[in-house]
Amino acid sequence: MTSYKLQVKKGFTLVETLVAVLIFTVSILALISLTATGVADVGYVKNKLTASYLAQEGVEMVRNIRDTDSIINNGGANAWNAFISHTSSCASLSIPCQIDGYTNPSEITISECTNILKNIDFGCPLYYDYDSQTQIGSGYYKYKTSGAGEFTRLIIVQNIGNEVRIISKVFWKKGNTTYHVSFKENLTNWQ
């Protein structure tokens, strides 16, 4: 008697192969999406960190003006009055002021913005003064006299009696979204 055995080949069918390719494709697309989100988040964090430093720098420059006026006027009421007078142009929201400590390092200057951006509500435009290819520049953020910058800074100095409230806001735009970082601090007439 002869017996015949049915030989079964073990392998993938077309349906199994298509399901495997589909699972692989979905996995790859998920990884690509996750990577793109991670890159965008790194850019946001970098800009937020830079904006935080620029906002804190705005507060520090106003504090430096107070301390310098105190030294020049030997303390007392004259020093506080000189400080209030010195920063009076920064009290208005309608005309933002820019405080510059980098053009002439021995003197901090206060002036009105020469250009207010149309795409951000307020602030004076800043640019990073360094060209990585030529390696020329100071490596500081400075105010632009024309055109848009990546960041804008708004500094407000409000006189509230024996105190001054400093509000330093830095704005930046990514796509159609405007982000900002804000620092507030009160300085007192400690003389």
Distance (rounded to the nearest 0.5 Å) between Ile32 CD1 and Ile28 CD1: 6.5 Å
With rounding to the nearest 0.5 angstrom, report the CD1 to CD1 distance, Ile166 to Ile156. 11.5 Å
Report the distance from atom CD1 of Ile23 to atom CG of Leu18, rounding to the nearest 0.5 Å. 11.5 Å
Roughly how far, to the nearest 0.5 Å, is the CG atom of Asn159 from the SG atom of Cys90? 12.5 Å
Enter the distance from Ile155:CD1 to Phe183:CZ here, rounded to the nearest 0.5 Å. 12.5 Å
Given side chains that start at C-beta, do those of Phe151 and Asn47 come closer than 4.5 Å, heavy atoms only? yes
Relative to each other, are the rings of Trp172 and Tyr44 parallel, tilted or perpendicular (30° and 60° limits)? tilted
For His180 and Phe171, which heavy atoms make the closest approach, and how far apart are they? CB-CD2, 3.5 Å
Using a 4.5 Å cut-off on heavy atoms from C-beta on, say whether the side chain of Val170 contacts that of Thr152. no
In terms of side-chain heavy atoms, does Asn81 have a donor or acceptor partner in Ser85 at a distance below 3.5 Å? no
Beyond-backbone contact of Tyr179 with Lys174, side-chain heavy atoms, under 4.5 angstrom: yes
Short N-O contact, Glu57 and Arg153, less than 4.0 angstrom: yes
Begin from the C-alpha positions of Tyr141 and Thr50 and carry the test side-chain contact (heavy atoms from CB on, under 4.5 Å) through to its verdict. CA-CA 10 Å; Tyr141 277 87; Thr50 301; 3.6 Å; yes
The reported gap from CG in Leu187 to CD in Glu163 (rounded to nearest 0.5 angstrom) is 9.0 Å
Using modelled atom types only, decide if a donor and an acceptor are shared between the side chain of Thr17 and the backbone of Thr13 within a distance under 3.5 Å. yes
Would you please test Asn162 and Thr188 for side-chain contact (heavy atoms from CB on, under 4.5 Å) and show each step? CA-CA 6 Å; Asn162 276 345; Thr188 60; over 6 Å; no
How far apart are the closest heavy atoms of Ile167 and Ser182, and which atoms are they? CG2-OG, 4.2 Å
Report yes if the side chains of Leu126 and Leu54 come closer than 4.5 Å at any heavy-atom pair, otherwise no. yes
Can you name the ring-ring contact (aromatic ring centres under 6.0 Å, His included) partners of His86, sequence neighbours left out? none
Co-membership, hydrophobic cluster, residues Val45 and Tyr128, 4.5 Å side-chain: yes
Taking all heavy atoms of Ala55 and all of Ser168, pick out the closest pair and write down the distance. O-OG, 2.8 Å
Do Asn186 and Val164 make a side-chain contact, defined as non-hydrogen atoms from C-beta onward lying under 4.5 Å apart? no
Would you say that Tyr127 contacts Lys142 through its side chain, given a criterion of any heavy-atom pair below 4.5 Å between the two side chains? yes
